[in-house]
Visitor: 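Following this message is one structure expressed as structure tokens.
Chain identifiers are assigned alphabetically (A, B, ...) following the order of the sequence lines, protein sequences preceding nucleic acid strands; residue numbering begins at 1 within each chain. Just so you know, these numbers come straight off a predicted model, no measurement behind them. Only this structure's heavy atoms are used, side chains among them; waters, hydrogens and symmetry mates stay out.
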Number of protein chains: 2
Amino acid sequence: MTKAHPTIAEVARRAGVSPATVSRVLNGTARVSQEKVRAVLQAVEELGYAPSPLAQGLATGRSYAVGILLSDFASPFFGPILEALTLELEATPYRPIAVPGHWSLVRELEALEFLKAHRVEALVLLGTALDGEALGELGIPVLAFGQRVEGPKAWSLCLDNQKAAYEATRYLMDRGHTRIVHVSSHRGGMDVRERLLGYRKAMREAGLEARVVYGDLEEEGGYRAAAEAFRRYPDTTALFAANDQTAFGARLYLYEQGLRVPEDVSLVGFDDIALSAYQIPPLTTVRQPIQEIGIALGRALRAVLAGEVPTPPRLELTLVERASVREVGA
Amino acid sequence: MTKAHPTIAEVARRAGVSPATVSRVLNGTARVSQEKVRAVLQAVEELGYAPSPLAQGLATGRSYAVGILLSDFASPFFGPILEALTLELEATPYRPIAVPGHWSLVRELEALEFLKAHRVEALVLLGTALDGEALGELGIPVLAFGQRVEGPKAWSLCLDNQKAAYEATRYLMDRGHTRIVHVSSHRGGMDVRERLLGYRKAMREAGLEARVVYGDLEEEGGYRAAAEAFRRYPDTTALFAANDQTAFGARLYLYEQGLRVPEDVSLVGFDDIALSAYQIPPLTTVRQPIQEIGIALGRALRAVLAGEVPTPPRLELTLVERASVREVGA
DNA sequence: CTGTTAGCGCTTTCAT
DNA sequence: ATGAAAGCGCTAACAG
């Protein structure tokens, strides 16, 4: 059995060179003669040597780690973004350290401490509640999705949620709906509030009454919110949910009440998570380009780490028409 | 603006003590006089000092990091397990480093190298394709879910998939179904194969023809597999999918074909992911206790790291009856 | 081109 | 109880 973790010194001894030379060979930091290169490589091979990132980090002051702070590993929205993002980072020397904030501000703060301690070279925020307060003196680039971050090294990827929500509401109105409920949430960040704003704007412009209920951005909350919606507004003909999970919850409530979708009630979601296309009926929803978002964040991260200014990607929120909306009275 | 990362030396200077004493105070490694303790604590506070895990790791040879290797951050099954697991680890000094293998063996191998390099003290495998081969000389405890690992420091959490699949098939047969298709997959690990075995056993015992098609354990594959199933076996009355995502895909196919669930075709899934209860109709499926699995893995991890042998948790796979199955001809 | 020498920030003997 | 000193594994000047 070979030693668990041979050190650079052992490699050097075996190759008959100095540790510095081994380092040079492995990092390509300087020219080394053919024969020594070969000797080193062979020794590395034989010993199964792999440099310790700990030691490297300590010596160089660089960690090549980037922190990713997200609300929740279980989220069908952020999970796939994280997946795309890590995939995008694969080809770089940077390694993501993903930590969940579990929807709690204190946990997010702890997670932030953890990442700071690990000397991450940049930070990506995915739908957290963190604000400038906590991020103030971080001194590293901070990228964010779904929330705005400020500062010299900050970069946020923000899509126009308000406009998209406005258009989704208009879409329902164009199909004859006037009694439209929006299921919003106090949870979540700025983007959720912007959706509410967009809805309100559309309703106001059309001279319609804004009907808003609140969920928790998960299925259960959507179910309860739908129940509340129909208790308060029994004549509702359309539900516009702040995210797809909420829409799924609402959908179940309607089903249990014997209300058909879309015959009796139309339903629109937001996000277009993977499962939305597989709902019965397939859910009409505002598509967030999840994979592209992950990729864009990855690219931006690379740019920022290279000292460049990321070019804002052209990403749009678009309504994808499926089968959960019907013309009123049709 | 305070310095980004004050070192222990600066704290020591400010507190008028030696670095060693600061270390002792912070780690409780030895008795230190009241006054010095106070001085150190104050200096730490004022400087906003946080020890560098890198340096600590280097000095102690311990990393307090545990590696978690999973197939995919986007998975609605492994994502929530990961969430529960990390939550369970929260109260311990150990920090999870989660890396996705992106369903590719080479990537998993790379991820493994990465974790090894980071000196993780234990490894958790969530549905990977890694076998003893690669794990052989790891020298650290390896825990696994959904696959069996061997070795002196290995521990696997395996539920009886075969039995559960057997029972699910019997459940369909008890309701008059005889033409039952199982949608399996070549992807995935041992557990998926065991489900297939359980299905086959039930069919064989009942003298029925085994009808098996294959998907990819995701929605799209389920859709295609369902199409194939009905092409090859048009008289099928029930579909038993190897996981819920597959069932969702199949469900969409049925919907598009005008086949009603459960009136025309009954559908059973496996996993009981969060969304299954919110399908229309709610999906009858074999429940894997996702959260309990995550917690059990977390506990086992703590036990293993404490040098103990984890007590196998009592976790069962149980069929949860919802609305996607109907008595044949009813 | 290559070996020697200093650290990186922390813990841990070893003295005192 | 506490400081000095050595060392964890590696890289980066600095001499040759």
Side-chain angles (χ1 to χ4, degrees), chain A residues 2-41 43-44 47-65 93 95 113 116-121, chain B residues 2-41 43-44 47-65 93 113-114 116-121:
Chain A
T2 56
K3 185 164 177 298
H5 291 294
T7 74
I8 202 172
E10 305 181 47
V11 175
R13 198 173 324 124
R14 183 166 192 127
V17 301
S18 75
T21 298
V22 176
S23 172
R24 286 191 267 256
V25 170
L26 263 27
N27 300 304
T29 337
R31 300 197 57 79
V32 175
S33 72
Q34 283 293 313
E35 39 186 343
K36 304 222 166 186
V37 169
R38 219 186 313 280
V40 167
L41 260 24
V44 165
L47 262 31
Y49 169 77
S52 154
L54 262 63
Q56 289 186 136
L58 195 54
T60 58
R62 301 208 52 176
S63 66
Y64 287 102
R95 291 301 144 220
E113 284 310 313
K116 234 154 78 176
H118 275 268
R119 305 295 188 266
V120 293
E121 301 187 17
Chain B
T2 56
K3 185 162 177 297
H5 291 294
T7 74
I8 201 172
E10 307 180 45
V11 175
R13 197 173 325 123
R14 180 162 194 130
V17 300
S18 75
T21 298
V22 176
S23 172
R24 286 191 267 256
V25 169
L26 262 27
N27 300 304
T29 338
R31 301 195 58 81
V32 175
S33 70
Q34 283 292 312
E35 39 185 344
K36 304 221 166 184
V37 168
R38 217 184 316 278
V40 167
L41 260 24
V44 165
L47 262 34
Y49 170 77
S52 153
L54 261 64
Q56 289 187 135
L58 233 210
T60 58
R62 301 208 53 177
S63 66
Y64 288 101
E113 285 309 313
F114 174 71
K116 235 155 75 178
H118 275 267
R119 307 294 189 265
V120 293
E121 300 187 19

Visitor: Just the rounded figure in Å: distance from C1' of dG7(D) to CG of L58(A).
Guide: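 Answer to the nearest Å: 12 Å.
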Visitor: Just how far, in rounded Å, is C1' of dG9(C) from CZ of R119(A)?
Guide: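 Nearest whole value for this atom pair: 9 Å.
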Visitor: Check whether any side-chain heavy atom of N27(A) sits under 4.5 Å from a side-chain heavy atom of Q56(A), and report yes or no.
Guide: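 SC-SC contact between N27(A) and Q56(A) confirmed.
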Visitor: Between R13(A) and E10(A), does any NZ, NE, NH1 or NH2 come within less than 4.0 Å of an OD or OE carboxylate oxygen?
Guide: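 So E10(A) does not pair with R13(A) through a salt bridge.
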Visitor: How close or far is atom P of dG9(D) from atom NE2 of H5(A), stated in whole angstroms?
Guide: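 Whole-Å distance recorded here is 10 Å.
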Visitor: Mind running side-chain contact (heavy atoms from CB on, under 4.5 Å) on L54(B) and L58(B) for me, showing each step along the way?
Guide: CA-CA 6 Å; L54(B) 261 64; L58(B) 233 210; over 6 Å; no
Visitor: Return the value, rounded to whole Å, for the distance between atom CG of L54(B) and atom C1' of dC8(D).
Guide: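 Atom CG in L54(B) sits about 12 Å away from atom C1' in dC8(D).
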Visitor: Do any side-chain nitrogens or oxygens of S18(B) fall under 4.0 Å of OP1 or OP2 in dG3(D)?
Guide: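 For dG3(D), OP1/OP2 do have a side-chain N/O of S18(B) under 4.0 Å.
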Visitor: Atom CD of E10(B) and atom P of dC8(C): how far apart are they, to the nearest Å?
Guide: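 Going from CD in E10(B) over to P in dC8(C) covers 11 Å.
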Visitor: Test of understanding: with side chain to side chain donor-acceptor pair (under 3.5 Å), list the residues that count as partners of R24(B), not counting sequence neighbours.
Guide: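 By the side chain to side chain donor-acceptor pair (under 3.5 Å) rule, R24(B) matches no residue at all.
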Visitor: Identify the pairs formed between an N or O of the protein and an N or O of nucleotides 11-13 of chain C at a distance under 3.5 Å, and give each distance.
Guide:
| residue | atom | partner | partner atom | Å |
| --- | --- | --- | --- | --- |
| dT11(C) | OP1 | N27(B) | ND2 | 3.0 |
| dT11(C) | OP1 | Q56(B) | OE1 | 2.9 |
| dT11(C) | OP2 | S23(B) | OG | 3.0 |

Visitor: Would you kindly give the NE2-to-C1' distance between H118(A) and dG9(C), to the nearest whole Å?
Guide: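 Value for this atom pair: 14 Å.
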Visitor: Are any of the side-chain nitrogens in R38(A) or E35(A) under 4.0 Å away from the carboxylate oxygens of its partner?
Guide: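 Result for this pair is no, no salt bridge flagged.
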Visitor: Quick one: side chain to side chain donor-acceptor pair (under 3.5 Å) partners of R14(B), sequence neighbours excluded?
Guide: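 Partners of R14(B) by the side chain to side chain donor-acceptor pair (under 3.5 Å) criterion, ordered by chain and then number, come out as E46(B).
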Visitor: Between atom CZ in R13(A) and atom P in dG3(C), what is the gap in whole Å?
Guide: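 It works out to 14 Å between those atoms.
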Visitor: Going by the rule side chain to side chain donor-acceptor pair (under 3.5 Å), which residues pair with S63(B) if we only count those two or more places apart in sequence or in a different chain?
Guide: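 Per chain and number, S63(B) pairs via side chain to side chain donor-acceptor pair (under 3.5 Å) with no residue.
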Visitor: Specify the residues of residues 31-39 of chain A, ordered by number, for which at least one heavy atom lies under 4.0 angstrom from an atom of DNA chain C.
Guide: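 Correct list: R31(A), V32(A), S33(A), K36(A).
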Visitor: Partners of R62(B) by salt bridge (charged side-chain N to carboxylate O under 4.0 Å, His left out), sequence neighbours excluded?
Guide: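 R62(B): salt bridge (charged side-chain N to carboxylate O under 4.0 Å, His left out) contacts with E121(B).
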Visitor: Using side chain to side chain contact (heavy atoms under 4.5 Å, CB included) as the criterion, point out the one residue from V22(A), T21(A), V17(A), V40(A) that pairs with V32(A).
Guide: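 Testing V32(A) for a side chain to side chain contact (heavy atoms under 4.5 Å, CB included) against V22(A), T21(A), V17(A), V40(A) leaves exactly one candidate, T21(A).
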